[in-house]
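Side chains included, hydrogens not; waters and symmetry mates left out as well; all remaining heavy atoms used. All ligand and atom numbering here is 1-based and tracks the order in the structure.
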Amino acid sequence: MTAAQGNCDFSWIPVIDIKAFDITKEENEVDRNDLETLANDVFKAFSTIGFVYVKNHGIPQDQIDNIFRLADDFFAQPQETKNKFIRPLSDPSGIGYIPIGRETFEADKPADFKESFDAIPGGAYNQLWPGIPNFEKDVVEFHRTCAKLSLRMLKLIGMGLGLEDQNELLACHTNLVNWRDNSSTTLRLLTYPPYTEKEDMTPGQARCSEHTDYGSITLLFQDDIGGLEVQTVAGEYKQATPIPGTIVVILDDMMPRWTSDRLKATLHRVVPSHKYNRRRSLVYFTHPDSSTIVKPLDGSDTYPPIRYTRYLTEQYYSRGLLGEGQRGDVAA
Ligand SMILES: O=C(O)CCC(=O)C(=O)O
Ligand SMILES: [Fe+2]
């Protein structure tokens, strides 16, 4: 489906071809009609299912493959080496290595059977980088590349919403351009090891338990092993099958708040459906600037204003990534 065709099928996650507005194009080269068609499609998808597959985005496949390889190199290290990158519960950033069984989205369930390495480059936090050749340089570069795509998606969302100032959402994301300060935008390298029910997994344990993401939008690069499930409008879960060459774009918790529920943040999870296979993904959590006060853009009182950092701190705390004593530290 090309941008000019429009009219995607919105009964399930649509594939939207954004070639007309990919990250290699200068904004002033882009045809206005193509842009409007794209903005309409993106808006329809995000106001129904809350997810899209984006193809022809302009991020080179080689660059993506290289980050998957570097992630493999990190997770292949001995446990003691990886443990050196665990951040203490007193660290408000939530970055670093998160071992299996530490993070949970549902307090009454066993913590997730996954491990991750979270990166917020830019120097605002004391990020520790593994000594794997090119790891820091390439991860930082990939972070910046993802920022370009997120900015494109935010632009389309602003147009699709018909905002008087179409750049109003972009204005809350200066951290994607001047990313040194005010940023909690995180690249997560994620791996779900193979397992046996008897020895490794606890009954009821998920690879990634049910949740919505916290920020503005998420870019999810998945490998070819399935397991990601997304809640349908009818409330059932359905597989979001990997589609080669696409990135899954997810709407996060701030969007219903900004748009008075015109846009949705949809529940999703990763189920242990492929036990002999490792699943890997790269997740770019785009966050608004930390100091942003998120409130309905239509001036209504659908949601009370909230300072983004405060919201995030509460989420990290409830996920087990932050200690009780740190909850107030970065709050409003
Ligand atoms: O690995 C995946 O496919 C999904 C991960 C996810 O939803 C998350 O980390 O927020
Ligand atoms: Fe998620």
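In summary, the atoms of ligand 1 found under 4.0 Å from a heavy atom of S281, numbered by their order in the structure, are 1 (O), 2 (C). Close approach to L220 involves these atoms of ligand 1, each under 4.0 Å from a residue heavy atom: 2 (C), 3 (O). For ligand 1 and L190, the ligand atoms under 4.0 Å from any heavy atom of the residue are 1 (O), 5 (C), 9 (O). Of all atoms in ligand 1, numbered sequentially from 1 with element shown, those under 4.0 Å from a heavy atom of V270 are 1 (O), 2 (C), 3 (O), 4 (C). Atoms of ligand 1 found under 4.0 Å from any heavy atom of D213 (numbered from 1 in listed order, with element): 10 (O). Per-residue contacts place H268 under 4.0 angstrom from the following atoms of ligand 1 (heavy atoms of the residue considered): 7 (O). Listed by number with element, the atoms of ligand 1 under 4.0 Å from a non-hydrogen atom of Y192 are 1 (O), 2 (C), 4 (C), 5 (C).
H173 and T286 share no donor-acceptor pair across their side chains, judged by distance under 3.5 Å alone.
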Checklist entry - When you look at L35 and L156, which way does the side-chain contact (heavy atoms from CB on, under 4.5 Å) test go after all the steps? => result CA-CA 8 Å; L35 207 55; L156 292 173; 4.0 Å; yes
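Selection from R279, E229, Q222 by nearest heavy atom to atom 3 (O) of ligand 1 gives R279.
The NE2 atom of H268 and the OD1 atom of D213 subtend an angle of 100° at the Fe ion (ligand 2), given to the nearest 10 degrees.
For atom 8 (C) of ligand 1, the closest heavy atom belonging to the protein is H211 NE2, 3.6 Å. Looking from atom 9 (O) of ligand 1 to the surrounding protein, the closest heavy atom is F285 CZ, 3.5 Å.
Side-chain atoms of D289 never come within 3.5 Å of backbone atoms of S291 as a donor-acceptor pair (strictly under, hydrogens ignored).
A salt bridge links E36 with R32; the closest basic N to acidic carboxylate O contact falls under 4.0 Å.
In summary, of the residues considered (D253, I250, L251, T266), a side-chain contact (heavy atoms from CB on, under 4.5 Å) with D213 occurs for I250 alone.
The shortest N or O to N or O distance between R188 and ligand 1 is not below 3.5 Å.
With values rounded to the nearest 0.5 angstrom, T145 atom OG1 is found 9.5 Å from Y284 atom OH. Interatomic distance, N66 CG to Q61 CD, rounded to the nearest 0.5 Å: 11.5 Å.
Residue-environment remark: CG (D165) exceeds the threshold of 12 foreign heavy atoms within 6.0 Å.
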